[in-house]
There are 2 protein chains.
Amino acid sequence: MSKQRNITLKDLAKELNLSISTVSRALNQHPDIKPSTVERVTTLAKQRHYSPNLFAKSFRSRKTNILGVIVPNIAHYFTSTILKGILEKAEEKGYRVIISESKNNEVKQTEMLQTMTQFGVDGVLLALARKTTSVTDVLQILNRIPLVMFDKVSDKIPCTQIVIDDKEAAFNAVEHLINIGKKRIAIIKETENSFNSEKRFAGYLKALKEHNLPIDEKIILSTEDISLTNGRRLTNILISMKNPPDAIFAITDNAAIGAIKALNKFKIKIPEQIAVVGFSNSMNSTIIQPALSTVDQPGNKIGKTAVKYLIQEIEKPNEDVSIKTVKIKTSLIIRDSSFTA
Amino acid sequence: MSKQRNITLKDLAKELNLSISTVSRALNQHPDIKPSTVERVTTLAKQRHYSPNLFAKSFRSRKTNILGVIVPNIAHYFTSTILKGILEKAEEKGYRVIISESKNNEVKQTEMLQTMTQFGVDGVLLALARKTTSVTDVLQILNRIPLVMFDKVSDKIPCTQIVIDDKEAAFNAVEHLINIGKKRIAIIKETENSFNSEKRFAGYLKALKEHNLPIDEKIILSTEDISLTNGRRLTNILISMKNPPDAIFAITDNAAIGAIKALNKFKIKIPEQIAVVGFSNSMNSTIIQPALSTVDQPGNKIGKTAVKYLIQEIEKPNEDVSIKTVKIKTSLIIRDSSFTA
DNA sequence: AATCAAATTGCAATCGTTTGCGAGAACGTT
DNA sequence: AACGTTCTCGCAAACGATTGCAATTTGATT
């Protein structure tokens, strides 16, 4: 059961007693070719189910119409919504998408960047691996092909970046807690210099300051791995304090859900005694009891926007691409974990 | 800021006063080339950061080392774990992966199959769009390039398929419910002729029969869209019956979670009054209270296995590829929703 | 009928790499 | 010194498509 060979321009040309170039032009509606031959060529092409070898086309034009995407973890829900947006926009614009997972491994990340450029993708979309320390490899890529970053970015890399306004989003979330009457708001964040965590923390601080609330380091908790388990663990610490908080802002839904689980276990009333707000609007946030208030990040839009700017750079390389940081609007979704009638 | 051109064999050849072929052979450790020139070539290549144009290579060898993947929905958790497996195995074997979403749209699906073959991927991995009625387009592809299907498959397509044993998995789940003493087990399934739903239903029936339990059509409920909302809706129907079930088997975690939400609302004790078992081991299943018993489908393994067989077909096209259906083992995870000490 | 312009078509190069074959050089054998 | 091997290397074709330019045909004009 061997596979049938694709038919080429040459095949058509031979069968029609024409030159390859004439056949090519006939199929590309070049004005030079007389209508009758155009007719002959197109009918035979249809009959034989001719379809141009895109690979050969790409090879000649030095344009692959392929975008490379590198993300830390494809199975992360927020990431997958971004990918969805990327796929949609790319397809709409006639691009194919190669996806790779860096698994938060910096070495792998550079390897992937290299194979991608080596392979000849027209541009790369990149969400940095966590704790990416050296950006020199990325900078290398930058003067070879267009690059747009999203979600996990670094200001050390001069390229267009699509992000959400972490600081503002966190500010809004915390301000909401203040507005419902909370005065002692804890935060659960990451220790490592995570791009997002730091910005969200800044938003937290800003909200407290603007509302003249004291900042108490005892209720500013950090963890290396911002997981459900650690969210629960840190919440246990918070509720065993002599002066426990009346609200918890977790910079991740998972951690927030861990918090709720801990509070539920000790029958602490949410949101009356302690309110909880998370970040991401993951699937889980509506599953947990009570439903979690959280910041919605429009992944789809981020993906689409990233592709839009990347293709702009690809198709207009001459115009000096103004490097910009695009901030996608988030929205606070208020659910039972912070809702008071 | 124009991008720098990649350097080619020609460049190296000119600079070394050698022919392109010699340079090529030198870099590919061809025995014909004398050690001293190999030396000269390799050092210059390193110096100039030469890396072969993979696209040109592919073009010549007619081997792209690209696999195409088409799935209905990339943001579905189970699907994304499969993709993870696919990416891992593919990378390990030196293949790149192009991913497309059919969005359960049959027309899009065929379009994508066509662009992929037209582009020249070495093989395709396909999970069928729901309600795919006509498989003729897929059959068309089948005699052009290697194809392996997974998860959503059809027995009308003669190719290697990687699936889980839906029937057996469902059988085990229902038998488990019987073992903990349940005698009146409802099922929530899909109406449409979904490949998976029917098989799981068959497993349900088999378990009841083997244990001599009566089959009551009143507690066999179906829905077009097997969602959380519909799971809740149908459960409401079940608990308002004069003779309600003492267990619910939902063929999807989402529906099962909907069931739990409905039961919780009416303060029906889980699992004492009504036990619940789902299917998929999604993230949500540990978030809901009580934690959901469910069937774990090893997505990662499915993905890896699919790639393994696909590459086998690609690299040994002569040997008559024995078309086989590989069933990946599932395991029942027992949690609080069906646990009795 | 001769000439010229316009309409059609073909030649050949090109993209970057690999590879069969042949050519020339170096070396050893008699 | 003549011949045959063995080493090295370059030529040119090939993958499939596009395209500038030249070549050919056609038709029109005088």
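Numbers restart at 1 for each chain; the letters A, B, ... are given by sequence-line order, proteins then strands.
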* First-last contacting nucleotides on DNA chain C - partner chain B, under 4.0 angstrom, heavy atom -> C:dC15 to C:dG20
* Could you tell me the separation between the CG atom of A:Leu18 and the C1' atom of D:dT24, rounded to a whole number of Å? => 14 Å
* To do: Describe the nucleic acid contact of A:Arg60 in one word from base, sugar-phosphate, nothing, applying a heavy-atom distance below 4.0 Å.
  => base
* Under the criterion side-chain contact (heavy atoms from CB on, under 4.5 Å), which of A:Asn28, A:Thr37, A:Leu18, A:Leu44 is the partner of A:Val23? -> A:Leu18
* Structure fact -> Residues A:Ala90 and A:Val97: closest non-hydrogen pair is CB-CG2, 3.5 Å
* A:Asn53 or B:Ile33: which one's nearest nucleotide on DNA chain D is closer to the 5' end? -> B:Ile33
* Asked: What is the distance from CG of B:Asn17 to C1' of D:dT8, rounded to the nearest Å?
  -> 16 Å
* Scan for ring-ring contact (aromatic ring centres under 6.0 Å, His included) pairs involving residues 135-158 of chain B, sequence neighbours excluded, and state none if there are none. => none
* Asked: Which sits closer to the 5' end of DNA chain C, A:Ser36 or A:Phe59, going by the nucleotide each is nearest to?
  -> A:Ser36
* For the pair B:Ser58 (side chain) and B:Lys63 (backbone), establish whether a donor and an acceptor sit closer than 3.5 Å, ignoring hydrogens and angles. => yes
* To do: Respond yes when some side-chain nitrogen or oxygen of B:Ser19 is under 4.0 Å from OP1 or OP2 of D:dG10, and no when none is.
  => yes
* Using a strict 4.0 Å threshold on nitrogen-to-oxygen distance, state whether B:Lys304 and B:Glu92 make a salt bridge. => no
* B:Val124 vs B:Leu113 side-chain heavy atoms within contact, under 4.5 Å -> yes
* Roughly how many Å is it from CG in A:Leu54 to C1' in D:dC15, rounded to a whole number? -> 15 Å
* For B:Ser21 and D:dG10, is the shortest distance between a side-chain N/O and OP1 or OP2 below 4.0 Å? -> no
* To do: Kindly say if A:Asn6 contacts the phosphate of D:dG16, meaning a side-chain N or O under 4.0 Å from OP1 or OP2.
  => no
* To do: Could you check how far CZ of A:Arg25 sits from P of D:dG16, rounded to whole Å?
  => 20 Å
* To do: Could you pick out which residue, A:Asn28 or B:Ser61, lies toward the 5' side of DNA chain D when each is mapped onto its nearest nucleotide?
  => B:Ser61
* Using a 4.0 Å heavy-atom cut-off across all strands, classify A:Ile20 as base, sugar-phosphate, or nothing. => base
* For A:Thr37, which contact category applies under a 4.0 Å heavy-atom criterion: base, sugar-phosphate, or nothing? -> sugar-phosphate
* Pair of N/O donor and acceptor under 3.5 Å linking D:dC9 base with B:Asp32 side chain -> yes
* Asked: Whole-Å distance between D:dG16 C1' and A:Arg62 CZ?
  -> 16 Å
* Do the side-chain N or O atoms of A:Lys10 get closer than 4.0 angstrom to the phosphate oxygens (OP1, OP2) of D:dA17? -> no
* Asked: Do you see a donor-acceptor pair shorter than 3.5 Å between the side chains of A:Glu106 and A:Thr133?
  -> yes
* **For atom CZ of A:Arg5 and atom C1' of D:dA14, their distance in whole Å** => 13 Å
